[in-house]
Amino acid sequence: WTTARSPIVLRRDQHLVAGATLVIDPGVEVRLAPGVSFFVDGTLLALGQPDSHVRIVGADRQRWEGMFGRPGSTIVLEQAELRGGGAGGTVLLSEGGNLTLRGVQVADNGGHIAVSDSRLEVRDSEIAGNDMPYGSAIDAGYSFGGFVTLANNRIGGNRMQAGTAPVQVSNLSNLDGVNLDITGNLLVGSEGPDLVLWTNGPLQGGLSCNALIGGTNGL
């Protein structure tokens, strides 16, 4: 999708099929109508620039549903804004795929980011000012091991259930390890911890130089 076609208005559910690749160019605005979902089985690349973001927003005041990555999918958002979604409580989901956010602002949504058995990388991004009826701002769970990279992000100021941490990573396997690189993040909680690592099995990697503030406990 090019700037010549912007804004792209999606009035019904969209499906990016397996094997297909959609590239969204810098400066493109994608507007989703209320209740619309974007299902990704293929590869979605939203490639903004620091001075020319990709904007994925609501078409009006009512929220669109969410962006849902299915098994085998790849979603990459770079220098992008994600606003006005999460009507059902989840604005961005990746199951059994790859999810990468670099330089992304996630704000004014009605849901969180959920990951299940997907490789997750979030760098230099901000998740703030969202209404999250359940789950952490980033809630990542693994049954067969996995990889989580969170670096230089700002996560806080979201309206969540009392006691919920801004970030939770869960390893449900007692055999396979989850590899962590959680470095240089600002995590702001309120009535609960700032970061939860919940595990039945091994955790590997590093946890360093994070600012854990505002919660009743940090880790």
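Side chains are part of it too, since the values below use all heavy atoms of this structure and drop only hydrogens, waters and symmetry mates.
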Could you measure the distance from the [atom1] atom of [X] to the [atom2] atom of [Y]? Nearest 0.5 Å is fine.
X    : Y    : atom1 : atom2 : result
N153 : S125 : CG    : OG    : 5.0 Å
I113 : I155 : CD1   : CD1   : 7.5 Å
T183 : L150 : OG1   : CG    : 9.0 Å
Q79  : H53  : CD    : NE2   : 4.5 Å
I75  : L45  : CD1   : CG    : 10.0 Å
N179 : Q204 : CG    : CD    : 4.5 Å

Set of salt bridge (charged side-chain N to carboxylate O under 4.0 Å, His left out) partners for [X], sequence neighbours left out:
X    : result
D25  : none
E121 : R102, R123
R154 : E126
R119 : none

Backbone N/O of [Y] and side chain of [X]: donor-acceptor pair under 3.5 Å:
X    : Y    : answer
D13  : S37  : yes
Q14  : R12  : yes
D108 : G84  : no
N109 : V91  : no
N158 : G129 : yes
D117 : G96  : no
N171 : G145 : no
N185 : N210 : no

What are the two closest heavy atoms between [X] and [Y], and how far apart are they?
X    : Y    : value
L212 : D194 : C-OD2, 3.3 Å
A46  : V54  : CB-CG1, 4.0 Å
I24  : L44  : CD1-CD1, 3.9 Å
L77  : V104 : O-CG2, 3.2 Å
P193 : G163 : CD-O, 3.7 Å
Y142 : F147 : OH-O, 3.7 Å

Apply the test side-chain contact (heavy atoms from CB on, under 4.5 Å) to residues M132 and R159: give CA-CA distance (whole Å), side-chain angles for both, the deciding distance (0.1 Å), then the verdict. CA-CA 6 Å; M132 298 173 175; R159 292 165 289 278; over 6 Å; no
Tell me, which pairs form a side-chain hydrogen bond (donor to acceptor under 3.5 Å, both in side chains) where one or both residues lie in residues 59-69, sequence neighbours left out?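 Output for this query lists R63-D131.
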Does some side-chain heavy atom of [Y] sit less than 4.5 Å from a side-chain heavy atom of [X]?
X    : Y    : value
I138 : V122 : yes
R70  : F39  : yes
L16  : D41  : no
L32  : V57  : no
Q161 : E191 : no
L92  : F38  : no

If Ile, Leu, Val, Met, Phe, Trp and Tyr residues are connected whenever their side-chain heavy atoms lie under 4.5 Å apart, and connections chain through other members, are [X] and [Y] in the same group?
X    : Y    : answer
L82  : L10  : yes
V169 : L93  : no
L180 : L219 : yes
L203 : L207 : yes
V40  : L22  : yes

Among V167, T164, L195, find the one that has a side chain to side chain contact (heavy atoms under 4.5 Å, CB included) with S136.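 The passing option is T164.
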Below 6.0 angstrom between ring centroids: does that apply to Y134 and H112?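 When the ring centroids of Y134 and H112 are compared, they turn out to be within the sub-6.0 Å range.
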Around R11, counting heavy atoms of other residues, nucleotides and ligands shown, do more than 12 lie under 6.0 Å from its CZ?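 Count not over threshold, so no.
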Going by the rule side-chain contact (heavy atoms from CB on, under 4.5 Å), which residues pair with T3 if we only count those two or more places apart in sequence or in a different chain?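 Scan of T3 (side-chain contact (heavy atoms from CB on, under 4.5 Å), adjacent residues dropped) gives V28.
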May I ask you to check whether N98 and T100 show a side-chain donor-acceptor distance below 3.5 Å?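 The criterion, which ignores hydrogens and geometry beyond distance, is not satisfied for T100 and N98.
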Partner of S94 under side-chain hydrogen bond (donor to acceptor under 3.5 Å, both in side chains), chosen from S116, S73, S118: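 Exactly one pass, corresponding to S118.
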